[in-house]
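Residue numbers start from 1 in every chain, and the chains themselves are labelled A, B, ... in the order their sequence lines are given, proteins ahead of strands.
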There are 2 protein chains.
Amino acid sequence: MTDLEKIPAPRLWLVLARAFHSVAAYIEGSVTAQGLGLSDFMVLEVLLHKGPLTISVIGEKVLLASASMTSAIDRLERHGLVRRRSCSSDRRIRLVELTEDGKIFIEETYARHEKDLERVTEGLSDVERRVMYEGLKKVGLAAKVAVPTERCKSLDGVQNG
Amino acid sequence: MTDLEKIPAPRLWLVLARAFHSVAAYIEGSVTAQGLGLSDFMVLEVLLHKGPLTISVIGEKVLLASASMTSAIDRLERHGLVRRRSCSSDRRIRLVELTEDGKIFIEETYARHEKDLERVTEGLSDVERRVMYEGLKKVGLAAKVAVPTERCKSLDGVQNG
DNA sequence: ATAAGATATCTCGACGTCGAGAAAAGATTC
DNA sequence: GAATCTTTTCTCGACGTCGAGATATCTTAT
């Protein structure tokens, strides 16, 4: 099975994308409650592990834009899982914190989530995990740093709309 | 190297998700033309490398649902990059193929895309690539097979592949 | 104190995606 | 041939996400 060929970048990207999709779908199925999606779960998880945070800080951690964060927190607040608290020292800020219900929900859900993730990665040796971890970090960082790429003139005459 | 601890599954998932997001954003920036997104690009890429295909087959390859495929092909057709062709042997089917413009566009874009991907993964050794590739395949497959978690009823047992 | 700039959040409109279901054509069974 | 599934694509409505811009507040320079 061990091809000694070098894995081409597009192939690596393909399996990365597929793995992400499959795991995301898997997690979503196990973690989602009515009206809550993966992003909402991630917000709750951050709050569970880091305590109350501002909306923009949460957004950085779960990779959501500010507009998306507003609706995510709206959603969670509507379900009674989080609460917005104003801050007297900086009145622009809204500190978001878990309610009692939210804490109970995310603690239970996260425990299941953790087990599910372990199940899906149990086929990996310690070395594989380490290599994948370092490698993914490397790639992610390179992509983040390199974000601006030149875009050319394609599709000029084809505008429509 | 620094740490000999076993990487916990949630941490692995975290870097996987971040790497995916960063690379997807990176690619999108380099590949996207006006009115076209990453999915559209992936559709064109499949057509370039596999030739004309039906809408549902493309959908399987680029991980898009049928409703999404309809609008993706509409979009590409509106831009004059692909064409729907009817099939006389099975009149349910719509064969999608690249137009001349589409072929030119995707050939040029894919070449750039490939270089961009290589740039982002050039920090990885051959061994790292191999381990990541095999590991990601393993995880992706495990997640796909395991999709149903408790809240889902299982009426089919194990489906291989 | 005032003005100018930065920051945090929210609103609005647009887009991509999806599930459910409809419509049309093929396949199977009687 | 007729009834019944199955497959393929499309339509519709709902949802999550985002960029751009609005608003309120804090910060800094003058």
Does B/S68 make a side-chain N or O approach to OP1 or OP2 of C/dC18 shorter than 4.0 Å?
yes
Heavy-atom pair of closest approach, residues B/A72 and B/D40:
O-OD1, 3.8 Å
In whole angstroms, how far is the C1' atom of C/dG16 from the CG atom of B/L63?
15 Å
Round to the nearest Å and state the distance from B/R85 atom CZ to D/dT9 atom C1'.
17 Å
If you look at every strand shown and take non-hydrogen atoms under 4.0 Å, does B/S71 touch a base, only sugar-phosphate, or nothing?
base
Tell me which nucleotide among C/dT9, C/dC18, D/dA20 gets nearest to the side chain of B/A67.
C/dC18
Whole-Å distance between D/dT9 P and B/E77 CD?
13 Å
Between CG of B/L64 and C1' of D/dT9 the distance, given in whole Å, is 14 Å
Quickly work out the A/L95 CG to D/dT25 P distance and round it to whole Å.
17 Å
Length of the line joining A/E60:CD and C/dA8:P, which is rounded to integer Å
8 Å
For a quick check under 3.5 Å, do B/T121 and B/R129 share a side-chain donor-acceptor pair by atom type?
yes
Rounded to the nearest Å, what distance is computed from the CE atom of residue A/M69 to the C1' atom of nucleotide C/dC10?
13 Å
Once you apply a heavy-atom cut-off of 4.0 Å, does A/S56 come out as touching a base, just sugar-phosphate, or nothing?
sugar-phosphate
Can a donor-acceptor pair be found between the side chains of B/R94 and B/S86 at a distance below 3.5 Å?
yes
Hydrophobic cluster membership, with links at side-chain heavy-atom distances under 4.5 Å among I/L/V/M/F/W/Y: are A/L16 and A/L12 in one?
yes
Does a nitrogen or oxygen in the side chain of A/S39 sit under 4.0 Å from OP1 or OP2 of D/dG16?
no
Suppose we call a contact any N or O donor and acceptor under 3.5 Å apart; does that hold for the side chain of A/R92 and the base of C/dT7?
yes
Contacts of B/I93 and A/R75 projected onto DNA chain D by closest heavy atom; the upstream (5') one is B/I93
Let me know, please, whether B/V57 or A/C87 comes out on the 5' side of the other along DNA chain D by nearest nucleotide.
B/V57
May I ask you to verify if any side-chain N or O of A/R84 is less than 4.0 angstrom from the OP1 or OP2 atom of C/dC10?
yes
Suppose we call a contact any N or O donor and acceptor under 3.5 Å apart; does that hold for the side chain of B/S66 and the base of C/dC18?
no
Spatial distance of atom CD (A/E107) from atom CG (A/L44) [nearest 0.5 Å]:
11.5 Å
